[in-house]
Amino acid sequence: MDYNFTGIEKKWQKYWEEKKTFKTPEDLKNPKKCYVLDMFPYPSGAGLHVGHPEGYTATDIYSRYKRMKGYNVLHPMGWDAFGLPAEQYAIQTGTHPSITTKNNCDTFRRQIKDLGLSYDWDKEINTTDPKYFRWTQWIFIRLYNTWFDESLQKGRPVSELKIPEEIRNQGNKEITKFIDSKRLAYYDNAQVWWCPNCRIVCANEEVLFDGSHEKCGNRVERKYLKQWMLRIPLYAERLLKGIEGLDWPEGIKDMQRNWIGRSTGAEVDFAIDGLNEKLTVFTTRPDTLFGATYMVIAPEHSLTGIITTDEKRKAVDDYIKAASLKSDLDRTDLAKDKTGVFTGRYAINPVNHKQIPIWVADYVLTGYGTGAIMAVPAHDTRDFEFAEKFGLPIICIQDPDLPDSDQKKRIVAGKECWTEDGKYINSSDKSTGIDINGLNKEAGIAKIISWLVAERLGKEKVNYKIRDWLFSRQRYWGEPFPVIHWEDGEVTLIDENQLPLQLPELEKYLPGESGESPLSNATEWLIVTDKSGRRGRRETNTMPQWAGSCWYYLRYIDPSNDKMIFDTAKEKYWMPVDLYIGGAEHAVLHLLYSRFWHKVLFDLGIVSTDEPYQKLFNQGMILAFAYENESGTKVATDVIEERDAKFFNKETGTEVRQIVAKMSKSLKNVVNPDDVVAKYGADSLRLYEMFMGPLDVIKPWDDKGVKGVSNFLGRTFRFFSNQENIVDGNEDPEILKGLHQAIKKVEGDIENLRFNTAISAMMIFLNLAYKKGKVTKDTVVTFTKILSPFAPHLAEELWNLQGNHKSIAYEPWPEVNEDYLKEDLFEYPVSFNGKLRFKIELPVTMSKEEIAKIVLADERAKKWLETGTLSNIIVVPNRIVNIVLKS
RNA sequence: GCCCGGAUGGUGGAAUGGUAGACACGCAGGACUUAAAAUCCUGUGGCCAUAACGGCUGUGCGGGUUCAAGUCCCGCUCCGGGUACCA
């Protein structure tokens with residue numbers, strides 16, 4: 001029988017859809033549950049590309065396997081459908097983004113269904129659906145009404161916030177101000193990144209290191225705008241600690257840790273000569289206080305005006321002005337060429353009462369620590385550069401842990417910077433009584449900190465790099481904030497039961513040049529009046545795309561609930577997500593934001609787990625072959641021809657080099673899954689995506705490779721659909737052994753997400769079946785079962801051909817029978833001095849001594865034994881024999 | 001600069017410190033066919049040798065540990081990802 005994959009696949013897709021085969025079980029009593037989640041896609045106009053099915057197939061195999069293992073499986077799909085492209089399209093064509101979005105979702109859904117993925121489509125969600133974003137707005141209200149109790153390290157309702165007496169006495173305005181200063185969500189004039197091309201603000205995270213917007217590649221600028229911000233840094237410690245217990249790739253954990261950027265050190269107060277002010281700095285190296293030879297404050301520091309002396313005022317003002325005109329990009333661009341100016345004022349070093357000059361320089365950032373530093377040029381490379389440039393003193397206070405050398409001499413003389421450990425020198429002072437000479441870094445830091453604390457000059461301090469999260473965008477196609485700004489300055493949130501706050505219809509989607517969102521044109525929607533006639537204006541910003549994706553995994557649990565965000569019992573049953581697969585590009589942002597929201601919801605008692613995603617796995621990107629000529633110029637794939645494993649440009653005849661690159665329209669190497677499904681079938685596409693290599697590595701698509709798995713499926717179908725190959729009676733022991741080896745390997749590999757080797761195990765079995773020519777019906781059935789998570793359409797068909805009329809999807813997974821795997825003999829490789837010379841088959845139970853005896857007596861051993869004298873013989877049972885000879 | 005990951009045949013890739021190259025593509029040969037495709041079978045790291053057995057060599061480079069290293073340790077090179085004056 002021919003393998004008509006198109007007919008088979010359509011037939012079973014229809015069956016699954018009609019029978020709702022993959023409907024999520026309602027019964028919450030089964031203690032075995034498994035929540036398998038894909039990162040939901042942004043449904044772009046281009047449709048699915050072959051990168052999408054990689055993760056989707058992996059989760060599908062896992063889900064199908066878990067169902068066969070008796071688990072209740074939740075495996076949903078949905079759309080992260082707010083976003084710029086639909087809005088850009090609306091600007092160009094006037095088509096409402098909701099129409100574009102719907103069309104794109106329809107295409108994606110159709111394409112995904114063509115792959116035979118076992119989603120429960122009754123659980124589909126769409127972030128742009130008011131029934132969905134109603135709850136996104138609802139969560140925003142929760143964030144707004146939550147403060148973070150640092151002593152309990154926990155978010156709590158603002159109603160539980162104690163107002164200090166002195167604030168209470170100052171009246172309502174101050175009380176409001178106080179509460180607002182504690183809310184997790186706040187509205188403030190913020191210096192933000194502005195992309196003039198997209199006319200949108202970007203979060204710090206969306207600006208690439210070269211100062212370009214990650215979405216469009218244009219340079220961003222600084223701008224002050226009133227924005228919504230979320231106080232994610234308050235959760236820094238919780239977010240950091242939470243990482244430890246998660247089954248995530250170490251690399252991703254590290255990236256999150258780096259992003260949060262915890263560093264421990266001390267805050268130290270410096271008195272300022274001639275002023276009744278103190279300058280507080282943050283340092284991770286309080287032990288180097290004796291080496292502090294100057295101070296630096298950021299240009300934006302609040303004390304610059306006070307500190308600067310009259311004779312230096314003009315120079316400092318000019319410098320500050322120049323710095324403010326520079327974008328952050330220019331500041332970092334010039335990282336190596338430091339600038340700065342002396343304020344004319346001196347600070348007093350608390351450890352030795354020495355006067356040290358205070359400088360203003362933009363290599364010190366306002367947003368980190370206190371915006372001021374003590375500079376220790378001998379032991380900090382940045383300070384060293386600055387000191388060298390401006391001729392400031394460099395005092396070495398740490399004799400480096402190095403052997404005597406020129407380098408050591410240079411360091412001690414202050415000619416070179418040393419940032420590693422060493423023994424302190426020049427680090428004592430009689431007047432203050434502090435002395436750390438001779439100690440090493442760890443002891444030095446501890447001693448100085450306890451001294452600073454005792455003298456009330458400083459304290460231990462932890463700082464984080466992570467900043468407040470800029471949470472608004474000047475766009476139409478996003479969730480509207482449920483916020484009204486009243487004419488008297490009050491800000492209120494609309495009532496929970498008024499949700500959702502829908503988007504108004506618009507004629508034009510172009511944002512204003514001033515930076516206001518297109519919503520500011522929706523006059524009717526925009527202006528509101530309360531009962532007492534007070535006028536207000538709705539918030540015109542919308543939420544960023546992260547908002548909807550921050551909590552979508554929770555809505556899948558109960559997507560059509562219109563009374564609650566989800567049913568509590570269901571949430572308790574299904575959470576946390578047991579397996580979450582998606583691209584590593586979301587390693588920091590989505591996953592960190594999402595964890596933050598989840599922790600807030602947990603603190604408020606809305607969800608039952610502290611972390612949302614127990615196990616995370618990143619699929620590697622799928623690239624494509626591309627071609628370039630000698631000079632490195634890329635050549636479009638459609639003009640390439642292959643001859644004798646070499647590649648040539650058809651038009652010019654010159655040889656080109658095959659390289660691996662991202663799929664792109666210009667290279668003409670984009671692979672469309674629809675084409676692959678049409679040519680080879682969905683099962684082949686699925687199998688190839690998994691067979692290409694390990695799930696987590698970057699790998700190039702190769703059409704030839706699809707042929708390999710397609711052959712395998714064709715061979716499988718032809719063999720098992722042919723009744724002549726299926727016999728009664730007892731199974732051949734070799735077949736049984738091969739079959740059970742395959743079950744064992746496939747099972748273990750699915751658990752470890754190593755699908756490529758699982759598939760090769762099945763290929764090995766099939767090759768054995770072909771060699772033997774005949775198998776029993778039991779074998780057909782068992783093999784079909786282990787194949788079914790990978791190639792579900794083909795498996796259903798074979799299962800059906802065996803006379804079964806129910807789906808194979810819930811058949812119990814085959815048990816491995818270890819008896820069939822037992823071996824009587826093992827073929828020992830015998831090596832001499834580590835080099836394999838011959839093999840010998842011996843009983844697995846044979847003792848080491850006996851093995852040694854037989855091997856040494858073997859005819860083939862003689863030749864090698866003559867080459868030296870026997871010194872040792874290593875016998876590792878059922879593994880290897882190694883004979884060690886001395887010459 | 002710093003952090004993380006990687007480098008294995010012509011290609012994608014296998015390999016709990018124990019037979020390197022499973023499986024697949026490609027290629028070569030054979031069977032079937034008038035022929036081709038499809039299918040089925042055999043071979044296939046490189047070098048040398050051959051009637052045959054065989055030998056040497058080989059996992060980016062240089063060292064080391066070990067009876068034994070693709071795998072562990074030290075020092076590099078190149079490639080990819082993240083991050084960037086974070087005190």
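Chain letters run A, B, ... following the sequence lines, proteins first and then strands; every chain starts at 1.
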J.: Contact class for A:V876 vs. all strands (heavy atom < 4.0 Å): base, sugar-phosphate, or nothing?
T.: base

J.: Figure out the CD/P separation between A:E585 and B:rC4, and round it to whole Å.
T.: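 It is 22 Å, rounded to the nearest whole Å.
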
J.: For B:rU77 and B:rG63, measure between their C1' atoms and round to the nearest Å.
T.: 15 Å

J.: Tell me the partner of B:rG29, counting only Watson-Crick (N1-N3 plus N6-O4 or O6-N4) or G-U wobble (N1-O2 and O6-N3) with both under 3.5 Å; none if nothing fits.
T.: B:rC41

J.: Measure up the A:W701 and A:Y688 rings against each other and bin them: parallel (under 30°), tilted (30 to 60°), perpendicular (over 60°).
T.: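 The rings of A:W701 and A:Y688 stand perpendicular, inter-plane angle above 60°.
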
J.: Name the nucleic acid region contacted by A:R754, choosing base, sugar-phosphate or nothing; use a 4.0 angstrom heavy-atom cut-off, strictly under.
T.: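 If one applies the 4.0 Å heavy-atom cut-off, A:R754 turns out to touch the sugar-phosphate alone, with no base involved.
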
J.: Report the base-pairing partner of B:rC67 (Watson-Crick or G-U wobble, both distances below 3.5 angstrom), or none.
T.: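 Its partner is B:rG18 (Watson-Crick or G-U wobble, both distances under 3.5 Å).
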
J.: Just checking A:K835: base, sugar-phosphate only, or nothing, at a heavy-atom cut-off of under 4.0 Å?
T.: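 A:K835: backbone/sugar contact only, no base atoms under 4.0 Å.
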
J.: Run the ring-centre check on A:W864 versus A:F838 and record whether the distance is less than 6.0 Å.
T.: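 No - the distance between ring centres of A:W864 and A:F838 does not fall below the 6.0 Å cut-off.
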
J.: Let's test this: given Watson-Crick or G-U wobble pairing with both distances under 3.5 Å, identify the partner of B:rC53.
T.: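 Paired with B:rC53, as far as the under-3.5 Å criterion goes, is no nucleotide at all.
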
J.: Are the ring centres of A:Y294 and A:F386 closer than 6.0 Å?
T.: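 They qualify: ring centres under 6.0 Å apart.
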
J.: With a 4.0 Å cut-off on heavy atoms, is A:K465 in touch with a base, just the backbone sugar-phosphate, or nothing at all?
T.: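 Base: the residue A:K465, judged by heavy atoms under 4.0 Å, touches a nucleobase.
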
J.: Look through every strand shown and name the nucleotide pairing with B:rU59 as Watson-Crick or G-U wobble, where both distances are under 3.5 Å.
T.: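 Pairing partner: none.
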
J.: What nucleic acid atoms does A:N872 come within less than 4.0 Å of, heavy atoms only: base, sugar-phosphate, or nothing?
T.: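 Here A:N872 touches no strand at all.
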
J.: Mind checking if A:F712 touches a base, just sugar-phosphate, or nothing, with heavy atoms under 4.0 Å?
T.: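 The residue A:F712 makes no contact with any strand.
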
J.: Can you tell me the base-pairing partner of B:rU83? Count Watson-Crick or G-U wobble geometry only, both distances below 3.5 Å, and say none if there is no partner.
T.: B:rG1

J.: Report which part of the nucleic acid A:R257 touches: base, sugar-phosphate, or nothing (heavy-atom distance under 4.0 Å, all strands).
T.: nothing

J.: Suppose we define a pair by two distances each less than 3.5 Å, Watson-Crick or G-U wobble; what does B:rA24 pair with here?
T.: B:rU11

J.: What's the CE-P distance between A:M763 and B:rG13, to the nearest Å?
T.: 15 Å

J.: Mind checking if A:N756 touches a base, just sugar-phosphate, or nothing, with heavy atoms under 4.0 Å?
T.: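 Sugar-phosphate only.
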
J.: Should the pair A:K441-A:E420 be classified as a salt bridge under the 4.0 Å nitrogen-to-oxygen rule?
T.: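 A:E420 and A:K441: not salt-bridged.
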
J.: Taking CH2 from A:W259 and C1' from B:rG81, how many angstroms apart are they, rounded to a whole number?
T.: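 Value for this atom pair: 14 Å.
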
J.: Rounding to an integer number of angstrom, what distance separates B:rC27 and B:rU33 when you compare their C1' atoms?
T.: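 The answer is 23 Å between these two C1' atoms.
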
J.: Indicate, with a heavy-atom threshold strictly under 4.0 Å, whether A:N833 touches base, sugar-phosphate, or nothing.
T.: nothing

J.: Would you indicate, yes or no, if B:rC25 has its OP1 or OP2 atom less than 4.0 angstrom from a side-chain nitrogen or oxygen of A:N711?
T.: yes

J.: Taking 4.0 angstrom as the limit, do A:E859 and A:K862 come out as a salt bridge?
T.: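 A salt bridge is present here (some side-chain N lies under 4.0 Å from a carboxylate O).
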
